[in-house]
Number of protein chains: 2
Amino acid sequence: MTRKPQRATLADVAREAGVSMMTVSRVIHGTGRISDETRQHVREIIEKLEYRPNRAARTLVTKRTYMIGFVAPDITNPYFTEILQGVEEFFWREGYNVMLANSNENPEREKAILDQLESTMVDGIIVCSSRLSDDELIPLIEKHSAIVVVNRNLPHHLGSVVTTLHPRGYRAVLAAKYLYETGRRRIGYVNLVRSISSVNLDMFMQELQALHIPVNPSWYATCKPTWQAGYETGKVLLAEHPELDAVIAGNDLVALGVMRAAVEQGLRIPQDLALIGGDDILMASQVTPPLTTFRSDKYHIGTMAAELLLRRVEGDLTYYEHHYDDVLIIREST
Amino acid sequence: MTRKPQRATLADVAREAGVSMMTVSRVIHGTGRISDETRQHVREIIEKLEYRPNRAARTLVTKRTYMIGFVAPDITNPYFTEILQGVEEFFWREGYNVMLANSNENPEREKAILDQLESTMVDGIIVCSSRLSDDELIPLIEKHSAIVVVNRNLPHHLGSVVTTLHPRGYRAVLAAKYLYETGRRRIGYVNLVRSISSVNLDMFMQELQALHIPVNPSWYATCKPTWQAGYETGKVLLAEHPELDAVIAGNDLVALGVMRAAVEQGLRIPQDLALIGGDDILMASQVTPPLTTFRSDKYHIGTMAAELLLRRVEGDLTYYEHHYDDVLIIREST
DNA sequence: CTGTTAGCGCCTTCAG
DNA sequence: CTGAAGGCGCTAACAG
């Protein structure tokens, strides 16, 4: 039982076919001029020997791995999963594979990942919603030539970006405005820990004040972008501030956690408490009441990021940016 | 602007440190006896030159890629995502990376993936809920030495497996039994297209009959394991069979799709229609009414699969099987 | 249209 | 304790 069935090599095929290795290499890549009959013959031998090119050997000489790194903070969050689906699909068609690295919402882990993702193992990297500060992120990625970041800005020479069309804090302020217009006066906010979706609370308050929307620092909390964190944060926030008549959350998972906490405290939604999320995951539309949130085309964000990355991988180091729209989807939670 | 900053090689480090390449290689791997001062000196040079070993070169000689392939039918399904999280976490700790391949519920795509996942690019493969028949799957994987399949059986010499503790069809029959005991008499079933969770309907009916539970072939449908498919299938099934007072679905996403269809048709759950799902994704507990379903520890399924795979990767080709339990979680949809 | 030569960067083996 | 030689499997750059 030989379980490591010595794969045939180029040399084996060449010998068996009575041609040189180059000829075989050429028929495999479809490059150069080869007579139809040699090509045909070589193909048969390849088939017969079940020859498959050795990736490592090829990589060693071409310096291309045909592997892309995808780093995201939480692959169980449907938001990232949908982006990943777009990325994987795009690159699969282009003959690249996707390597996954999950930072688990842990900045140290994210650093370790970026540090270890040597340029000899991937041709390019997509970094989603990095939790790192510029000072931390930049040194880690400037070694890599092909980088695309999603939901974050970057000095132009370092890589391309895919971000929302709107300025930072847009969603939070728009949500607050909408809530105010529908009669809410004490609007809480559950911010996300460091990410593009995390909002500068000072700015947020300033903007609300400009709109004459009541503001109160103790109505605002921060948590990790998970359901559990939203639930726990919601419990505390709502218990300490029963006066709140609305809560905006940084993403849907958190909003849904808050919703659960609210229901457990006997609050009726939307009568007692209005709720707005942030990324329109499937679950948002299926809970009762359905969650008002912002929608963006996550799959498309993934394919856009992939497309921009491919350009860099292929040597076009121009800075590009793609922007997606966030549109408010009004459902029954408000 | 040199964006491909010629990485230092072993030879560079050796030259700079005034030692041989072997010495450098040894300090990197911590093998062989090296004097403390040479080791120290070499380390400094490595640091200074920011030397990182070239993966491809190493792979070429050691035949180890430190890359694992994970193939699943749908990475947007939380069920697979949680398994993947376990796999990724486990292998990250072991110094391996995980390459993702999404077959998109498409058997042809799955075949192509397995065929192209040459043994030269991954050290091992985890195949989740394959949609392929044995005749299709076996030839594709027997070339690979390290395989673990999840939710499926396999001839013992081909790889290890992680499956449920219970016989095929267990969940469906148990669900039906429970529904019958709680007074339901016309129980529909939405089966999943080919997978271990897909049930042999003849057997299913036989078992129900043995339990004196009413049976009717037209109460049973089959669909892809997605929310959308469940929704559409549910619409048709419920419209054509208004007599149904319960529906069991192959997984939660489908059950939730059926739930939506039922609600749209004005059915009250559970009064008019009881509903049971299959894998306890987060959404199941958050909808109204919460879904009765089966729970298994998905993250743990992932780490178990990873552990079994690692054994094979490291040369232990013994057949192992790990089993997980599915326990019925009764919530308010029944 | 096809072949030859020369490595890619590293590790294994065998000498010192 | 350290080094020199050879080769992993492939392709780029020239020759013919």
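This structure is a prediction, so every number in the text was calculated from the model and none was measured. In what follows, every heavy atom counts, from backbone to side chain, and hydrogens, waters and symmetry copies are set aside. Lettering follows sequence order; numbering is per chain, from 1.
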- Query: Atom CD of B:Gln40 to atom C1' of D:dC1: distance rounded to whole Å?
  - Reply: 17 Å

- Nearest to side-chain heavy atoms of A:Arg58, which nucleotide of D:dG3, D:dC10, D:dA12: D:dC10

- Item | Listed nucleotide nearest any side-chain atom of B:Pro53, set C:dC10, D:dC10, C:dC8 | C:dC10

- With a non-hydrogen cut-off below 4.0 angstrom, is B:Thr59 in contact with a base, only sugar-phosphate, or nothing? nothing

- Compare side-chain N and O positions of A:Ser25 against OP1 and OP2 of D:dT11 and report whether any pair is under 4.0 Å apart. yes

- Task: Could you tell me the separation between the CE atom of B:Met22 and the P atom of D:dG6, rounded to a whole number of Å?
- Result: 16 Å

- Query: From D:dA13, D:dA12, C:dG9, pick the nucleotide closest to the side chain of A:Arg26?
  - Reply: D:dA13

- Query: Taking atom P of C:dC1 as reference, at what distance in whole Å does atom CZ of A:Arg39 sit?
  - Reply: 9 Å

- Task: Measure from the side-chain heavy atoms of A:His29 and tell me the nearest of C:dG9, C:dT13, D:dT11.
- Result: D:dT11

- Message: Quick one: does any side-chain atom of A:Thr163 pair with a main-chain N or O of A:Arg152 as donor and acceptor, under 3.5 Å?
- Response: no

- Item | From C:dC11, C:dT12, D:dC10, nucleotide with atom closest to A:Leu10 side chain | D:dC10

- Note on the structure: A:Arg64 CZ to C:dC8 C1', in whole Å, measures 16 Å

- Query: With under 30° as parallel and over 60° as perpendicular, where do the rings of A:Tyr96 and A:Tyr66 fit, or are they tilted in between?
  - Reply: tilted

- Query: Counting only side-chain N and O atoms of B:Ser20, is one of them less than 4.0 Å from OP1 or OP2 of D:dG3?
  - Reply: yes

- Task: Find the distance B:Arg55:CZ to C:dC11:C1' and express it as a whole number of Å.
- Result: 16 Å

- Carefully, step by step, assess B:Thr65 and B:Met99 under the rule side-chain contact (heavy atoms from CB on, under 4.5 Å). CA-CA 11 Å; B:Thr65 61; B:Met99 197 198 99; over 6 Å; no

- Choose from D:dG7, C:dT4, D:dT2 the nucleotide whose nearest atom is closest to any side-chain atom of B:Thr23. D:dT2

- Item | Any donor-acceptor pair under 3.5 Å from A:Asn106 side chain to A:Ser103 backbone | no

- Message: Of the listed nucleotides (C:dG3, C:dG9, D:dG3), which one gets closest to any side-chain atom of B:Leu60?
- Response: C:dG9

- Whole-Å distance separating the CE atom of A:Met21 from the P atom of D:dG9: 10 Å

- Please determine, for the side chain of B:Val61, which listed nucleotide (D:dT2, D:dG7, D:dG3) has the closest atom? D:dG7

- When you check the phosphate oxygens OP1 and OP2 of C:dG9, does a side-chain N or O of A:Lys63 lie under 4.0 Å from one of them? yes

- Message: Side chain of B:Asn54, heavy atoms from C-beta onward: which of C:dG3, D:dT11, C:dG9 has the nearest atom to it?
- Response: C:dG9

- Rounded distance (nearest 0.5 Å) linking atom OH of B:Tyr79 with atom CG of B:Asn151: 4.0 Å

- Would you kindly give the OH-to-P distance between A:Tyr66 and D:dC10, to the nearest whole Å? 15 Å

- Could you check A:Ile28 against A:Leu10 for side-chain contact (heavy atoms from CB on, under 4.5 Å), going step by step and ending with a plain yes or no? CA-CA 10 Å; A:Ile28 289 168; A:Leu10 247 204; 4.2 Å; yes

- Query: Roughly, in whole Å, what's the span from NE2 in B:His41 to P in D:dC1?
  - Reply: 19 Å

- Short side-chain N/O contact from A:Thr38 to OP1 or OP2 of C:dC1, under 4.0 Å: no

